[in-house]
Amino acid sequence: MITVLVADDQAMIRAGFAALLSAQPDLQVLGQARDGLEAVAAARELRPDVVLMDVRMPNLDGLEATRRITGAGRGTKVLILTTFDIDDYVYAALRGGASGFLLKDAPPEDLITAVRVVADGQALLAPSVTRRLIEEFTSRRPLDEAESLRLNALTGRERDVLRLVAAGLSNAEIAGELTIAEETVKSHVGRVFGKLALRDRAQAVVFAYESGLVVAGSPPPGARRGPRLRS
């Protein structure tokens with residue numbers, strides 16, 4: 001059973017999401033929060049697997065609430081919900097530990113899938129905007145020298161795998177690109193995440209751009225397939 005907390009300042013939206021998720025046999029909504037402060041407190045008390053987090057809320061916004069929840073180290077994942085396909089908060093939330101984001105007007109089945117994917121420890125990124133969002137913000141920022149130095153911990157093969165993760169490829173697709181077994185890819189991904197202290201693929205994508213491993217405007221290997229909903 002996957003447990004969920006719904007955080008949104010609009011009562012109708014909270015109720016709608018809660019009803020949709022509760023109707024699934026493998027999902028249980030533990031509670032609802034009206035703002036970021038309530039979300040942080042409820043996450044601490046209820047310890048849900050996933051928090052559906054609105055971006056703009058009173059008292060404490062979704063960005064800071066995400067930082068506090070993921071920073072507590074209890075394993076709760078945060079899925080950002082937004083009405084905007086390009087939003088400063090979304091990029092900052094990814095950097096702050098969110099496992100991805102989804103547009104609020106996405107089909108109900110996409111939301112249900114998103115919760116399951118995030119609970120499974122994967123990243124969920126809205127395909128129409130994620131790479132554009134990350135490229136837009138990283139192109140404005142100077143290269144992070146400290147992040148670049150962290151790349152020295154990776155082997156050449158691990159860098160190749162990280163580039164393909166940044167392109168949005170699944171483990172199976174990475175295995176096809178590199179002509180290696182999928183289990184080998186899983187091992188490489190695990191080592192990359194361990195060496196770089198990354199929570200999931202969402203943070204891996206951000207790191208790949210901020211470290212300079214992938215340059216904005218230059219598609220990483222394997223990106224030719226185009227963006228997609230990817231876990």
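Quantities reported herein were computed from a predicted structural model and do not represent experimental measurements.
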What residues, two or more places apart in sequence or in another chain, satisfy side-chain hydrogen bond (donor to acceptor under 3.5 Å, both in side chains) together with D49? T3
Side chain proximity check, [X] to [Y], heavy atoms < 4.5 angstrom:
X: L169; Y: V165; answer: no
X: T155; Y: K195; answer: yes
X: L5; Y: L52; answer: no
X: Q32; Y: F17; answer: no
X: D54; Y: I13; answer: no
X: V115; Y: Q24; answer: no
X: L30; Y: V4; answer: no
X: R159; Y: L213; answer: yes

Worked check of side-chain contact (heavy atoms from CB on, under 4.5 Å) between V161 and L154: CA-CA 10 Å; V161 168; L154 303 182; over 6 Å; no
Not counting sequence neighbours, list each pair that qualifies as a side-chain hydrogen bond (donor to acceptor under 3.5 Å, both in side chains) and has a residue in residues 35-48. R34-E38, D35-N59
Pair V189, N171 - check side-chain contact (heavy atoms from CB on, under 4.5 Å), show working. CA-CA 8 Å; V189 171; N171 287 349; 3.8 Å; yes
Measure across [X] and [Y] and return the closest heavy-atom pair with its distance rounded to 0.1 Å.
X: I69; Y: A39; result: CD1-O, 4.0 Å
X: S22; Y: V29; result: OG-CG2, 3.4 Å
X: A7; Y: V51; result: CB-CG1, 4.5 Å
X: L63; Y: D61; result: N-OD1, 3.0 Å
X: A208; Y: L162; result: CB-CG, 4.3 Å
X: A181; Y: A175; result: C-CB, 4.0 Å

How long is the span from the [atom1] atom in [X] to the [atom2] atom in [Y], to the nearest 0.5 Å?
X: L196; Y: F207; atom1: CG; atom2: CZ; value: 4.5 Å
X: T70; Y: M53; atom1: OG1; atom2: CE; value: 9.0 Å
X: L151; Y: E158; atom1: CG; atom2: CD; value: 11.0 Å
X: E173; Y: E182; atom1: CD; atom2: CD; value: 10.0 Å
X: L37; Y: L60; atom1: CG; atom2: CG; value: 4.5 Å
X: Q203; Y: E210; atom1: CD; atom2: CD; value: 10.0 Å

Under the 3.5 angstrom rule, does the side chain of T76 hit a backbone N or O of P48 as a donor-acceptor pair?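 Judged by distance alone, yes, a pair lies under 3.5 Å.
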Just wondering, more than 12 heavy atoms not from M1 lying within 6.0 Å of its CE?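 Result for CE/M1: enclosed.
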Considering only residues two or more places apart or on different chains, which pairs with a residue in residues 3-30 satisfy salt bridge (charged side-chain N to carboxylate O under 4.0 Å, His left out)?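 Listed once each, the pairs are D8-K104, D26-R116.
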Residue pair T82, F101: steps toward the side-chain contact (heavy atoms from CB on, under 4.5 Å) verdict: CA-CA 7 Å; T82 178; F101 70 94; 4.2 Å; yes
Run the side-chain contact (heavy atoms from CB on, under 4.5 Å) test on L27 and L20 for me, step by step, so that the C-alpha distance in whole Å, both residues' side-chain angles and the decisive distance to 0.1 Å come before the verdict. CA-CA 10 Å; L27 304 180; L20 173 66; over 6 Å; no
